[in-house]
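Scroll down for the structure; my scribbles are underneath it.
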There are 2 protein chains.
Amino acid sequence: MFSKTCEYAVRAVIYIAQTSKHDEKVSIKEIAKGIDAPEHFIGKILQDLGKKGLIQSLKGPKGGFYLDASSRKYSLADVVKAVDGDKIFYGCGLGLSQCSEAQPCPLHHEFKKIRNDIHRILKKAKLGEFNDQLEQHLAFLRR
Amino acid sequence: MFSKTCEYAVRAVIYIAQTSKHDEKVSIKEIAKGIDAPEHFIGKILQDLGKKGLIQSLKGPKGGFYLDASSRKYSLADVVKAVDGDKIFYGCGLGLSQCSEAQPCPLHHEFKKIRNDIHRILKKAKLGEFNDQLEQHLAFLRR
DNA sequence: AAAATAAAAGATAAATTTGTCTTTTATTGA
DNA sequence: TCAATAAAAGACAAATTTATCTTTTATTTT
Ligand code: FES
Ligand code: FES
């Protein structure tokens with residue numbers, strides 16, 4: 001469905017959202033442990049998301065990653081798009097160069113529905129809404 | 001969604017299903033042109049599907065790939081599973097080592113539904129049912 | 001000002017996926 | 001039996017993804 005990079009990115013962003021509520025910042029090391037991902041690798045990924053303005057970071061002691069008010073309005077769809085592009089939302093499921101209503105692949109109508117579902121769900125998942133599920137052990141980001 | 005290999009595999013199998021109705025066989029070359037894929041690469045892919053019994057082939061002049069009666073009963077889900085495995089049907093969408101109802105990722109309930117939809121659609125798409133959509137220009141496998 | 005901390009940046013490497021080329025084997029038909 | 005055809009098989013190569021390691025830069029605390 002998503003690339004490994006994208007899976008890490010989504011899990012990391014959710015982790016940041018959940019643990020950085022009160023302007024606290026989270027270090028790469030803690031994120032890596034929290035989502036069970038290679039430290040340097042998610043460092044790179046978060047660096048990219050930072051450049052694109054999806055998340056914030058600060059260097060130095062007491063530094064780390066966090067989300068500001070505007071970032072909390074972004075959705076997981078924005079994260080996925082930033083990492084994997086929007087092929088998953090708009091591309092042909094059978095890999096044709098572009099999805100087309102006029103020249104549909106044999107599964108076009110079915111795929112279209114699924115793609116829309118995926119898009120809808122991810123657009124609805126705003127970063128600000130991942131509050132304290134984790135702490136309450138209602139959701140998990142590692143296993 | 002699927003790997004490139006899997007996209008080629010599905011398109012190729014549909015192509016074979018559509019063009020080999022009357023025990024006619026289709027050559028790699030024709031398939032490659034028909035679905036716009038690299039010839040030798042789909043050769044490999046189809047070789048694998050053949051070993052797994054999903055499709056049939058015969059060497060020599062008048063040889064090529066075709067589907068026998070039992071292969072026509074397979075579904076695209078079988079093809080996808082043979083190429084990409086069943087992670088797309090059962091795996092966690094956020095990449096946790098396994099999807100779990102007891103320890104769900106934050107999107108578990110949503111992903112579960114989507115995965116089931118994908119599985120349902122592909123299971124329903126039996127190879128024998130791709131008859132002559134292609135000829136009638138109702139569906140397309142290249143662009 | 002100096003030391004410590006943590007992300008940014010850059011270089012490199014491993015692994016996997018995707019793609020190509022060549023040789024071999026099976027089948028057909030002349 | 002021989003030549004032609006087409007898949008099978010194997011070796012190899014390019015590209016991309018995933019991952020690691022080192023150095024630099026910014027920030028804080030002492
Ligand atoms: S053409 Fe394949 S999904 Fe639309
Ligand atoms: S735990 Fe992630 S999809 Fe079920």
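The chains referred to below are lettered A, B, ... by the order of the sequence lines, with proteins before strands, and numbering in each begins at 1.
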Mark yes or no: K113(B) above the aromatic ring of F111(B), with NZ or CZ under 6.0 Å from the six-membered ring centre and no more than 45 degrees from the axis. no
Rounded distance (Å) that lies between atom C1' of dT18(D) and atom CZ of F2(A): 18 Å
Using whole Å, what does the distance between atom C1' of nucleotide dA9(C) and atom CD1 of I45(A) come to? 16 Å
Going by an N to O cut-off under 4.0 Å, is there a salt bridge joining K112(B) and E101(B)? yes
Under a 4.0 Å heavy-atom cut-off, which of residues 77-95 of chain A touch DNA chain D? none
With sequence neighbours left out, the residues meeting side-chain hydrogen bond (donor to acceptor under 3.5 Å, both in side chains) with R120(A) are D117(A)
side-chain contact (heavy atoms from CB on, under 4.5 Å) involving S75(B) - partner list, sequence neighbours excluded: A77(B), D78(B), K126(B)
C6(A) side, atom SG; K81(A) side, atom NZ - distance, nearest 0.5 Å: 13.0 Å
Between S57(A) and dA8(C), is there a contact of a side-chain N or O with OP1 or OP2 at under 4.0 Å? yes
Candidate list D84(B), I35(B), T5(B), V79(B), test side-chain contact (heavy atoms from CB on, under 4.5 Å), partner V10(B), passing option: V79(B)
Report the distance from atom OH of Y66(A) to atom C1' of dT27(D), rounded to the nearest whole Å. 12 Å
D48(B) CG - dG10(D) P separation (whole Å): 12 Å
Choosing from dA7(C), dA7(D), dA8(C), which nucleotide comes nearest the side chain of Q47(A)? dA8(C)
Below 4.0 Å: OP1/OP2 of dT5(D) and any side-chain N or O of S27(B): no
Identify the pairs formed between an N or O of the protein and an N or O of nucleotides 14-17 of chain D at a distance under 3.5 Å, and give each distance.
none

Kindly compute the distance separating CD1 (I114(A)) from CD1 (I118(B)), expressed to the nearest 0.5 Å. 4.5 Å
Protein-nucleotide distance (Q56(B), atom CD; dA8(D), atom P), rounded to Å: 11 Å
Counting only side-chain nitrogens and oxygens, does Y8(B) get under 4.0 Å of the OP1 or OP2 atom of dT18(C)? no
Would you mind reading off the distance between L46(B) atom CG and dA9(D) atom C1', rounded to a whole angstrom? 15 Å
Any chance you could list the contact pattern along nucleotides 20-30 of chain C? Use B for base contacts, S for sugar-phosphate-only contacts and - for none, protein heavy atoms under 4.0 Å, 5' to 3'. BBB--BBBB--
With D48(A) via side-chain hydrogen bond (donor to acceptor under 3.5 Å, both in side chains) - residues at least two apart: none
Can a side-chain donor-acceptor contact be found between E24(B) and T19(B) if the only test is distance below 3.5 angstrom? no
Let me know the distance between NZ of K51(B) and C1' of dA8(D), rounded to the nearest Å. 8 Å
If you draw a 6.0 Å radius around NZ in K87(B), do more than 12 non-hydrogen atoms from other residues or ligands fall strictly inside? no
What I want to check is whether the side chains of E30(B) and Y15(B) have a donor and an acceptor closer together than 3.5 Å. yes
